[in-house]
Amino acid sequence: MKVMVFDVGGTEIKYSVMDEQMNRFDAGSVPTPQDTQEHFLDTLYTLYAPHRDEVSGIAMALPGFVDTHTGFVSNGGALLYNTGTQVGQLVRERCGCPVTLENDGKAAALAELQAGALQGCCNAAVFIIGTGVGGIIANGQLVRGIHFTAGEYSFVNTNADEWENTGKTMACQCSTTNLLQWYRARRGLPADAPMNGRQFFDAANAGEPEALEVLERFCKAVAVQIYNLTVLLDVEKVAIGGGISKQPLLLDSLRRVYAGLFASRGDSPYMIGLPRTEIVPCHFSSEANQVGALYTYLQAESKTI
């Protein structure tokens with residue numbers, strides 16, 4: 001059996017045909033429509049149509065609060081045109097096949113729990129560094145929550161003194177988007193200057209002082225939130241994903257900065273006994289969302305047999 005799999009991000013839609021052994025065929029990506037939901041649905045259909053005779057259905061990971069049972073998206077996250085709509089039903093009607101939906105961060109967490117870096121963990125988390133972040137494992141299970149918002153720590157406020165500032169959230173502070181914004185500002189470049197993660201890490205790996213300074217600041221923002229997750233859930237591992245997770249410099253810097261958080265507080269009594277989580281790369285790297293979306297599809301299908 002093969003399934004058409006979509007990983008819908010804020011900037012691009014990654015797609016592939018996958019079988020039950022997680023083999024990927026005809027993979028590629030296209031820009032994510034930013035204007036209307038109709039354009040979004042048209043794009044999905046255009047990608048699906050050439051494969052309609054070889055796949056049994058569509059598995060999709062996408063941003064927002066996603067009801068995996070009904071396909072209703074109560075908040076579209078990076079794609080606000082999906083807010084308050086039956087995305088699953090709309091895709092099903094457009095493509096004429098079974099469709100399952102999963103939140104992107106939860107999909108990544110499910111992939112890593114089932115067959116990746118978080119196998120065997122009781123409590124763990126994924127930190128997909130892209131447009132946003134999120135995905136929690138508790139008691140060996142993916143946490144979705146009654147309203148399907150659990151584990152969406154993209155929405156966690158990072159500064160109580162600036163509650164009205166929507167930029168003070170984990171999604172904004174701990175995303176690739178924010179990393180590049182900080183780098184442009186540090187270099188004195190226009191806010192819309194062309195820049196991507198590869199260019200940033202080319203500079204950082206070459207030892208450029210401005211890039212290394214920004215990377216240190218970014219890693220501290222991420223490390224503080226990993227610390228908070230450790231306090232809240234006693235997570236054994238945090239798996240780092242997203243395109244930039246393939247950069248050894250990111251993981252090395254993040255582990256060093258995270259360890260430094262503990263060292264900076266010295267012998268503070270209230271730190272005694274507080275565990276330190278293990279920071280690891282996602283096994284499936286930037287493909288974790290697609291693998292998790294497929295697992296959601298296969299689990300749904302098994303319940304109908």
Side-chain angles (χ1 to χ4, degrees), residues 1-9 12-30 32-33 36-79 81-116 135 141-149 284 287-305:
M1 181 184 70
K2 293 181 179 179
V3 178
M4 187 80 199
V5 182
F6 293 113
D7 171 17
V8 179
E12 66 177 359
I13 299 174
K14 299 177 183 177
Y15 64 89
S16 63
V17 172
M18 297 181 69
D19 62 21
E20 293 173 276
Q21 287 71 46
M22 306 301 155
N23 298 309
R24 301 169 68 233
F25 309 92
D26 194 31
S29 65
V30 298
T32 303
T36 67
Q37 188 179 64
E38 190 65 22
H39 187 188
F40 171 68
L41 295 171
D42 286 344
T43 300
L44 295 180
Y45 179 77
T46 299
L47 296 172
Y48 163 75
H51 303 284
R52 63 186 349 169
D53 294 331
E54 65 174 316
V55 300
S56 64
I58 291 173
M60 187 186 310
L62 73 168
F65 302 151
V66 181
D67 186 329
T68 55
H69 302 310
T70 67
F72 180 74
V73 177
S74 59
N75 185 314
L79 302 178
Y81 51 65
N82 283 332
T83 297
T85 63
Q86 291 283 354
V87 176
Q89 178 181 335
L90 292 172
V91 177
R92 192 177 304 116
E93 292 172 350
R94 181 65 58 92
C95 297
C97 67
V99 176
T100 59
L101 266 57
E102 182 65 270
N103 166 268
D104 48 6
K106 290 180 175 63
L110 182 60
E112 296 300 323
L113 175 66
Q114 293 288 339
Q141 300 289 325
L142 174 67
V143 178
R144 291 191 176 96
I146 191 170
H147 298 108
F148 300 92
T149 62
F284 293 106
E287 282 73 53
N289 293 2
Q290 291 190 61
V291 174
L294 179 59
Y295 272 119
T296 297
Y297 184 95
L298 295 176
Q299 288 175 353
E301 184 180 68
S302 68
K303 293 178 182 178
T304 63
I305 297 177

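The shown structure was predicted, so the numbers you read here are calculated from the model rather than taken from an experiment.
The CG atom of Leu110 sits 10.0 Å away from the CD atom of Gln141 when rounded to the nearest 0.5 Å. Atom-to-atom distance recorded for Ser56:OG and Asp19:CG is 11.0 Å, nearest 0.5 angstrom. Note: Leu101 CG to His69 NE2 = 13.0 Å, rounded to the nearest 0.5 Å. Between the CG atom in Asp104 and the CZ atom in Phe6 there is a gap of 15.5 Å [rounded to 0.5 Å]. Atom CD1 of Ile146 and atom CZ of Arg144 lie 14.0 Å apart (nearest 0.5 Å).
The shortest side-chain heavy-atom distance between Val87 and Gln37 falls under the 4.5 Å cut-off. For the pair Phe148/Lys106, no side-chain contact is recorded, criterion being any heavy-atom separation below 4.5 Å from C-beta on. The shortest side-chain heavy-atom distance between Met1 and Leu298 falls under the 4.5 Å cut-off. At least one side-chain heavy atom of Leu47 sits under 4.5 Å from a side-chain heavy atom of Tyr15. Between Glu38 and Tyr81, every side-chain heavy-atom pair lies at or beyond the 4.5 Å cut-off. Counting only heavy atoms from C-beta outward, the side chains of Val8 and Met60 approach each other to under 4.5 Å. Put simply, the side chain of Glu12 does not reach to within 4.5 Å of the side chain of Val30, judged on heavy atoms. A heavy-atom distance below 4.5 Å is not found between the side chains of Val5 and Val17.
A cation-pi arrangement is found for Lys2 relative to Phe25, the charged atom lying closer than 6.0 Å to the ring centre and inside a 45° cone about the ring normal.
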(request) Quick one: do Phe65 and Val73 satisfy side-chain contact (heavy atoms from CB on, under 4.5 Å)? Show the steps, please. (result) CA-CA 6 Å; Phe65 302 151; Val73 177; 5.8 Å; no
(message) Apply side-chain contact (heavy atoms from CB on, under 4.5 Å) to residues Thr32 and Ile13 and explain how you reach the verdict.
(response) CA-CA 5 Å; Thr32 303; Ile13 299 174; 3.5 Å; yes
(request) Run the numbers on Met22 and Leu294 for side-chain contact (heavy atoms from CB on, under 4.5 Å), then give the verdict. (result) CA-CA 8 Å; Met22 306 301 155; Leu294 179 59; 3.5 Å; yes
(request) Please step through side-chain contact (heavy atoms from CB on, under 4.5 Å) for the pair Thr68 and Thr100, ending with a clear verdict. (result) CA-CA 7 Å; Thr68 55; Thr100 59; over 6 Å; no
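Here the closest non-hydrogen pair linking Leu142 and Ala109 is CD1-CB, 3.9 Å. Residues Tyr295 and Ala115 share a closest heavy-atom pair of OH-CB, 3.4 Å. The minimum heavy-atom distance linking Ala59 with Ala293 is given by the pair CB-O, 3.4 Å. Residues Ala111 and Gly292 share a closest heavy-atom pair of CB-N, 3.5 Å.
At distances below 3.5 Å, not a single donor-acceptor pair connects side-chain atoms of Asp67 with backbone N or O atoms of Gly71. Judged by distance alone, the side chain of Thr149 and the main-chain N or O of Gly145 form no donor-acceptor pair under 3.5 Å. Side-chain atoms of Thr83 come within 3.5 Å of backbone atoms of Gly76 as a donor-acceptor pair (strictly under, hydrogens ignored). Side-chain atoms of Asn103 come within 3.5 Å of backbone N or O of Gly64 as a donor-acceptor pair. Looking at Ser16, its side chain never comes within 3.5 Å of a backbone N or O of Met18 through a donor-acceptor pair.
Thr43 meets the side-chain hydrogen bond (donor to acceptor under 3.5 Å, both in side chains) test with no other residue; sequence neighbours excluded. Residues passing the side chain to side chain contact (heavy atoms under 4.5 Å, CB included) test with Arg92 are Gln89, Val99, sequence neighbours excluded. A search for ring-ring contact (aromatic ring centres under 6.0 Å, His included) contacts involving Tyr48 returns nothing, not counting sequence neighbours.
Ile58 pairs in a side-chain contact (heavy atoms from CB on, under 4.5 Å) with only one of the listed residues (His51, Met4, Arg52), which is Met4.
More than 12 heavy atoms of other residues, nucleotides or ligands shown are found within 6.0 angstrom of CD on Glu20.
For the pair Arg94 and Asp42, the salt-bridge criterion is met [side-chain N within less than 4.0 Å of a carboxylate O].
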